Amino acid sequence: MKSRDIEFLRKVSFFSDLNDELLNLVIDVVEEKRFSKNKIIFFEGDPGTTFYFVKSGRIKVSKLSETGREIIVHILGPGDIFAEVTLFQKDSKYPATAEVLEDAVVGTIRNTKLENLVLRNPQMALELIRALSNKLLIIQERIRHLGVNDAVERTIQVLLALAEGHGTKKQDGIELCANITRQDLAAFVGTTRETISRILSKLNQADVIDISGKSIIIKDIEGLKNW
């Protein structure tokens with residue numbers, strides 16, 4: 001059992017470079033939880049007590065704007081971590097809401113337990129710094145895109161990112177996660193559902209994507225990039 005757990009932890013960015021001794025210490029403090037589709041794991045503002053990583057399924061991390069509009073920060077899949085920003089903070093609160101897009105199995109570690117491991121193991125501390133730095137770079141890049149590009153370009157960037165991180169290769173192209181709705185895309189891009197629908201229709205007419213089914217299929221990845 002432990003050998004399978006170690007094999008999976010090596011696929012998690014935060015743990016991938018740890019040796020077997022450290023990974024066994026991590027396994028000892030991990031609790032596995034199962035969540036059904038649409039289940040809220042935690043709400044924005046809840047006490048931040050736990051570190052999470054995705055074993056299977058899809059998780060949506062989102063925030064509410066000052067006007068009450070949902071803004072999607074991340075779509076997470078197997079191997080991704082979340083809520084790591086609450087580590088080493090007194091009375092921390094979750095800065096966003098985590099919702100299950102499709103049935104998920106999630107590894108959880110109480111912050112106090114993980115913090116104790118990190119304090120005793122410099123290599124683990126270094127991996128945490130790397131993980132946090134990488135998240136910061138991703139967020140900075142998204143902010144830059146939101147400020148510079150128009151809605152069409154932002155939509156294409158989101159579609160390409162979803163294809164890379166959550167796409168499934170099919171005979172007719174790359175299928176995106178069926179549980180990502182038009183409203184989710186709008187929240188990810190930072191625009192309205194109506195705008196997203198118009199943009200997807202244009203891309204469909206150009207024959208670079210197919211929106212005839214329940215999910216979006218990218219038929220021509222290079223054509224989409226050229227847009």
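Here the structure is a predicted model, which is why all the values come from computation and not from measurement. The residues of the chain are indexed from 1 along the displayed sequence.
- Contact between Ala96 and Val61 at its shortest, heavy atoms only, is CB-CG1, 3.6 Å.
- Between Met124 and Val26 the shortest side-chain heavy-atom distance falls below 4.5 Å.
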Q. Run the side-chain contact (heavy atoms from CB on, under 4.5 Å) check on Leu87 and Glu115 step by step: do they pass?
A. CA-CA 7 Å; Leu87 289 167; Glu115 287 167 1; 4.0 Å; yes
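- Atom OH of Tyr52 and atom OH of Tyr94 lie 3.5 Å apart (nearest 0.5 Å).
- How far CG of Asp150 is from OG1 of Thr155: 8.5 Å, rounded to the nearest 0.5 Å.
- No option in His74, Glu99, Glu70 other than Glu70 meets the side chain to side chain donor-acceptor pair (under 3.5 Å) test with Ser62.
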Q | Pair Gln171-Ile217, side-chain contact (heavy atoms from CB on, under 4.5 Å): steps then yes or no | A | CA-CA 10 Å; Gln171 189 173 0; Ile217 295 177; over 6 Å; no
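- Considering only heavy atoms from C-beta on, Leu18 comes within 4.5 Å of Gln123 through its side chain.
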Q) Yes or no on side-chain contact (heavy atoms from CB on, under 4.5 Å) for Lys202 and Val152, after CA distance, side-chain angles and deciding distance? A) CA-CA 10 Å; Lys202 287 182 180 179; Val152 174; 5.5 Å; no
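- Counting heavy atoms from C-beta outward, Lys219 and Asn204 have side chains that stay 4.5 Å or more apart.
- Using a 4.5 Å cut-off on side-chain heavy atoms (C-beta onward), Leu203 and Leu159 make contact.
- Considering every non-hydrogen atom in both Gly57 and Pro78, the closest pair reads O-CD, 3.6 Å.
- A 4.5 Å side-chain heavy-atom check between Glu31 and Thr50 finds every atom pair outside the cut-off.
- Residues Ser92 and Gln89 share a closest heavy-atom pair of CB-CB, 3.6 Å.
- For the pair Phe14/Leu114, a side-chain contact is recorded, criterion being any heavy-atom separation below 4.5 Å from C-beta on.
- In this structure, the side chains of Asp17 and Arg130 come closer than 4.5 Å at one or more pairs of heavy atoms.
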Q: Begin from the C-alpha positions of Arg58 and Asp80 and carry the test salt bridge (charged side-chain N to carboxylate O under 4.0 Å, His left out) through to its verdict.
A: CA-CA 10 Å; Arg58 294 281 183 271; Asp80 290 331; over 6 Å; no
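- Side chains of Val30 and Asp5 form no contact here, defined as non-hydrogen atoms less than 4.5 Å apart.
- In plain terms, the two heavy atoms of Val85 and Pro95 that are nearest each other are CG2-CG, 3.7 Å.
- The environment of Phe88 atom CZ is dense: over 12 non-hydrogen atoms of other residues, nucleotides or ligands sit within 6.0 angstrom.
- Taking a 6.0 Å sphere around CZ of Arg34, one finds it holds 12 or fewer heavy atoms contributed by other residues, nucleotides or ligands.
- Arg154 contributes a side-chain N or O that, together with a main-chain N or O of Val189, makes up a donor-acceptor pair within less than 3.5 Å.
- Under the 4.5 Å side-chain contact rule for hydrophobic residues, Leu119 and Leu117 share a cluster.
- Pairing each heavy atom of Val54 with each of Phe8, the nearest pair is O-CZ, 3.2 Å.
- The closest side-chain donor-acceptor pair between Asp184 and Thr181 falls under 3.5 angstrom.
- For the atom pair CG (Leu101) and CD1 (Ile59), the distance works out to 7.5 Å, reported to the nearest 0.5 Å.
- Using cut-offs of 30° and 60° on the angle between ring planes, the pair Phe15 and Phe53 is perpendicular.
- Arg193 and Ala186 make their closest contact through N-CB, 3.7 Å (heavy atoms, listed as atom of the first residue, atom of the second, distance).
- One distance of note links CD1 of Ile218 with CD1 of Ile211; it measures 12.5 Å at 0.5 Å rounding.
- Atoms CG and CD, from Asn226 and Glu222 in turn, are 6.5 Å apart once rounded to the nearest 0.5 Å.
- Ile40 and Leu76 fall into different hydrophobic clusters, defined by Ile, Leu, Val, Met, Phe, Trp and Tyr side-chain heavy atoms under 4.5 Å apart, directly or through other members.
- A distance-only check finds a donor-acceptor pair linking the side chain of Asp103 to the backbone of Lys37 [under 3.5 Å].
- Summarising the geometry, atom CG belonging to Leu160 is positioned 9.5 Å from atom CG belonging to Leu176; distances are rounded to the nearest 0.5 Å.
- Checking each of Thr86, Thr49, Asn116 against Asn111 for a side chain to side chain donor-acceptor pair (under 3.5 Å) leaves exactly one that passes, namely Thr86.
- Residue Lys63 qualifies as enclosed at atom NZ: its count of foreign heavy atoms under 6.0 Å is above 12.
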**Q.** Worked verdict on Val158 versus Ile72 for side-chain contact (heavy atoms from CB on, under 4.5 Å)
**A.** CA-CA 11 Å; Val158 166; Ile72 295 181; over 6 Å; no
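- Under the 4.5 Å side-chain heavy-atom criterion for Ile, Leu, Val, Met, Phe, Trp and Tyr, Ile129 and Leu22 are members of distinct hydrophobic clusters.
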